[in-house]
Amino acid sequence: MQSVRGFCDVLPEETPVWQQAEAVVRRVLEAYGYQEVRLPVIERTELFQRSIGEVTDIVEKEMYTFEDRSGDSITLRPEGTAGCVRAGIESGLLHHAEPRLWYAGPMFRHERPQKGRLRQFHQVGAEVFGVAAPELDAEMIVMTARMLRELGLEDVQLQLNSLGTPESRAAYREALVAYLRRHEDRLDDDSRRRLATNPLRIFDSKDPEVQAVMADAPRLLDNLDAASAEHFAKVRELLERAGVPYEINPSLVRGLDYYTRTVFEWVSDRLGAQGTVCAGGRFDALVEQLGGRPTPAIGFALGMERLVALLREQGEPGRGGAPHAYLVVATDPGAGLETAEALRDALPGLRLQAHAGGASFKAQLKRADRSGARVALILGDEERADGALTMKDLRGDGEQQRLPFSEAVSHLQAWIGD
RNA sequence: GUGAGCGUAGCUCAGCUGGUAGAGCCCCGGAUUGUGGCUCCGGUAGCCGUGGGUUCGAGUCCCAUCGCUCACCCCA
């Protein structure tokens with residue numbers, strides 16, 4: 001048996017890193033006033049077609065789309081923003097309010113798996129609605145910077161761009177395509193294909209001839225509408241005042257149609273070809289487009305698998321998980337269970353692994369050692385008769401000692417403390 | 001969807017121009033009757049991804065197929 005392609009297990013070796021990362025992300029989000037929402041994993045297919053865009057790669061070839069038993073077309077969410085906007089409109093949360101929402105969970109895209117890319121992957125996302133001011137763009141970016149810093153992430157760079165309004169962007173795209181059509185003979189096959197699908201990406205071409213053509217091409221940032229240009233300048237100024245370094249990437253366009261104005265990405269060069277850990281941007285037209293009243297909005301998503309990969313590559317220890325104590329039972333096994341339960345009653349925070357089933361004393365101690373527990377608690381016939389426990393320090397060089405149950409409890413309590 | 005590399009023990013891998021499947025780690029037992037780690041001794045462990053072909057003989061060569069990985073594309 002094997003898992004479905006691109007669907008992975010997170011095994012106990014990795015879960016501590018996940019848990020720590022999730023805890024940091026949650027703490028920072030809540031520190032900025034974000035509240036958690038829990039959203040369905042499935043939405044109507046139409047929601048994604050209308051938000052992400054009909055001609056994007058995601059909608060055209062990457063969605064897990066099914067008919068349910070009543071014949072409705074439903075889709076496993078390929079990203080979180082659409083569902084979050086839908087929930088905001090449906091609940092009325094967006095009316096006369098400026099909610100700051102965050103969510104976490106699995107997303108699904110039917111792509112060819114590779115390093116940093118799974119078919120089921122996990123994102124933490126956050127969105128703010130109802131605030132158009134550039135201060136919010138800057139605050140959100142500064143917040144992601146804080147988050148990545150507190151996560152201990154090294155060597156990530158911030159890239160920034162502005163896409164302007166949908167109108168100015170469409171006009172620019174037309175101008176760019178017109179320019180490129182005039183020089184089509186100098187483009188390679190890849191760039192000609194992009195001409196129809198994603199002309200802005202042609203700026204990324206590695207072909208020297210194509211680069212020469214692009215050097216004289218009109219630039220998006222020079223063709224922003226006045227309000228967007230001013231907005232972008234303000235965001236840049238605020239980032240500089242906050243001391244958050246960034247790099248302008250004119251070909252940063254994001255793959256989803258709904259973005260407007262500010263877009264940003266945190267990238268690492270340690271992740272192979274999929275270098276983006278965290279990315280987001282404004283989507284001022286999306287709420288209205290999905291049937292809500294006009295509401296500016298901005299959001300971002302953080303890729304958990306990529307984050308965890310970076311943290312593990314940096315050698316983050318990922319503490320936790322191992323039991324504090326391992327109970328060795330060298331008497332009636334039932335007495336082992338009783339003692340274990342009594343310990344749990346006395347110490348709710350205790351991580352105790354009680355030996356179950358038969359094994360030699362020696363083998364049990366070996367298991368105690370392997371479990372990573374700091375201390376072995378030994379319950380034999382004599383301890384049982386005396387209402388005592390023998391405590392053996394497995395990590396230090398302390399002497400083992402036989403203690404009455406209540407004293408053993410206080411010793412354990414002191415150990416759990418630190 | 002396209003391309004390349006790789007599938008041998010639970011894990012990491014070796015296996016030469018085809019000739020009876022190996023190592024390390026892990027696990028189990030013993031040396032040590034209720035004392036782990038270190039050491040030593042012993043043990044379990046594989047339709048060599050699957051199917052076909054060539055051959056007296058295939059882990060090894062050929063074809064197909066499935067899977068994994070990386071890259072392109074695109075993206076978290």
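Given the structure is predicted, the values throughout are model-derived calculations rather than measurements. Residue numbers start from 1 in every chain, and the chains themselves are labelled A, B, ... in the order their sequence lines are given, proteins ahead of strands.
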When the C1' atoms of B:C27 and B:U44 are considered, how many whole Å apart are they?
9 Å

Check the distance between B:C74's P and A:Leu271's CG and give it to me in whole angstrom.
19 Å

Nucleotide B:C68, atom C1' - distance to CD of A:Gln114 in whole Å
14 Å

Protein-nucleotides 42-47 of chain B N/O pairs under 3.5 Å:
none

For A:Ser73 and A:Glu67, test the side chains for any donor-to-acceptor distance below 3.5 angstrom and give the result as yes or no.
no

Does one side chain, of A:Thr390 or A:Gln400, offer a donor that lies under 3.5 Å from an acceptor on the other?
no

Parallel, tilted or perpendicular, judged at 30° and 60°: which one describes the rings of A:Phe300 and A:Phe264?
tilted

Starting from the 5' end of RNA chain B, give me the residue, A:Arg194 or A:Ala330, whose nearest nucleotide shows up first.
A:Ala330

Reading nucleotides 35-40 of chain B from 5' to 3' and marking B where a protein heavy atom lies under 4.0 Å of the base, S where only the sugar-phosphate is that close, and - otherwise, the string is BBS---

Once you apply a heavy-atom cut-off of 4.0 Å, does A:Gly272 come out as touching a base, just sugar-phosphate, or nothing?
sugar-phosphate

B:G46 versus B:C63 - spacing of their P atoms, nearest Å:
31 Å

Between A:Thr144 and A:Trp266: side-chain donor-acceptor atoms closer than 3.5 Å
yes

Tell me: CG of A:Asp188 to P of B:C73, nearest whole Å?
10 Å

Taking the six-membered ring of A:Phe7 as reference, does the NZ or CZ atom of A:Arg119 fall below 6.0 Å from its centre and within a 45° cone about the axis?
no

B:G49 and B:A21, which share atom name P, separated by this distance in whole Å
14 Å

C1' atom, B:C62 versus B:G18: distance in rounded Å?
13 Å

With sugar-phosphate taken as primed atoms, P, OP1 and OP2 and all else as base, the protein-contact string of nucleotides 1-12 of chain B at under 4.0 Å (heavy atoms; B, S, -) is BBB---------

Does a donor on one side chain sit under 3.5 Å from an acceptor on the other, for A:Tyr246 and A:Glu240?
yes

Thinking salt bridges, do A:Glu399 and A:Lys392 make one under a 4.0 Å N-O criterion?
no

Rounded to the Å, how far apart are A:Arg109 CZ and B:C74 P?
14 Å

Expressed in angstrom and rounded to an integer, what is the separation of A:Asp57 atom CG from B:C72 atom C1'?
12 Å

Please check if the side chain of A:Asn161 supplies one atom and the backbone of A:Leu252 the other of a donor-acceptor pair under 3.5 Å.
yes

Using only heavy-atom distances, determine whether the side chains of A:Thr75 and A:Thr65 contain a donor-acceptor pair under 3.5 Å.
yes

Do A:Tyr64 and A:Arg109 have side-chain N/O donor and acceptor atoms under 3.5 Å apart?
no

For the P atoms, the ones on B:U55 and on B:G1, what distance do you get once it is rounded to whole angstrom?
37 Å

Rounded to whole Å, how long is the line connecting atom CG of A:Leu200 with atom P of B:C74?
12 Å

Reading 5' to 3' and counting Watson-Crick or G-U wobble pairs with both distances under 3.5 Å, write the dot-bracket notation for RNA chain B, | for bases paired outside the strand.
(((((((..((((.....[..)))).(((((.......))))).....(((((..]....))))))))))))....

For A:Phe283 and A:Tyr258, take the angle between the two ring planes, folded into 0 to 90°, and tell me which bin it lands in: parallel under 30, tilted 30 to 60, perpendicular over 60.
perpendicular

With sugar-phosphate meaning primed atoms plus P, OP1 and OP2, does A:Glu382 contact a base, only sugar-phosphate, or nothing at under 4.0 Å between heavy atoms?
base

Nearest-nucleotide 5' precedence on RNA chain B, A:Arg5 against A:Glu305
A:Arg5

Atom P, compared across B:U35 and B:A9: separation rounded to whole Å
38 Å

Nearest-angstrom distance, C1' atom, B:C25 to B:U60
26 Å

Using the test ring pair (Phe, Tyr, Trp, His ring centres under 6.0 Å), find all partners of A:Tyr179 that sit at least two apart in sequence or belong to another chain.
A:His183

Could you state the CD-P distance from A:Gln2 to B:C66, rounded to the nearest angstrom?
14 Å

Hey, does the side chain of A:Ser191 reach the backbone of A:Leu187 with a donor-acceptor pair shorter than 3.5 angstrom?
no

Output the rounded distance in Å from CG (A:Leu118) to C1' (B:U69).
13 Å

I'd like the C1' distance from B:G57 over to B:G19, given in whole Å.
7 Å

Going by distance alone, is a donor N or O of one side chain under 3.5 Å from an acceptor N or O of the other, for A:Ser228 and A:Arg261?
yes

Contacts under 3.5 angstrom, residues 120-133 of chain A side chains, donor-acceptor by atom type, not counting sequence neighbours:
unit_1, atom_1, unit_2, atom_2, d
A:Gln120, NE2, A:His122, NE2, 3.4
A:His122, ND1, A:Glu305, OE2, 2.7
A:Glu127, OE2, A:Thr81, OG1, 2.9
A:Glu127, OE2, A:Tyr103, OH, 2.7

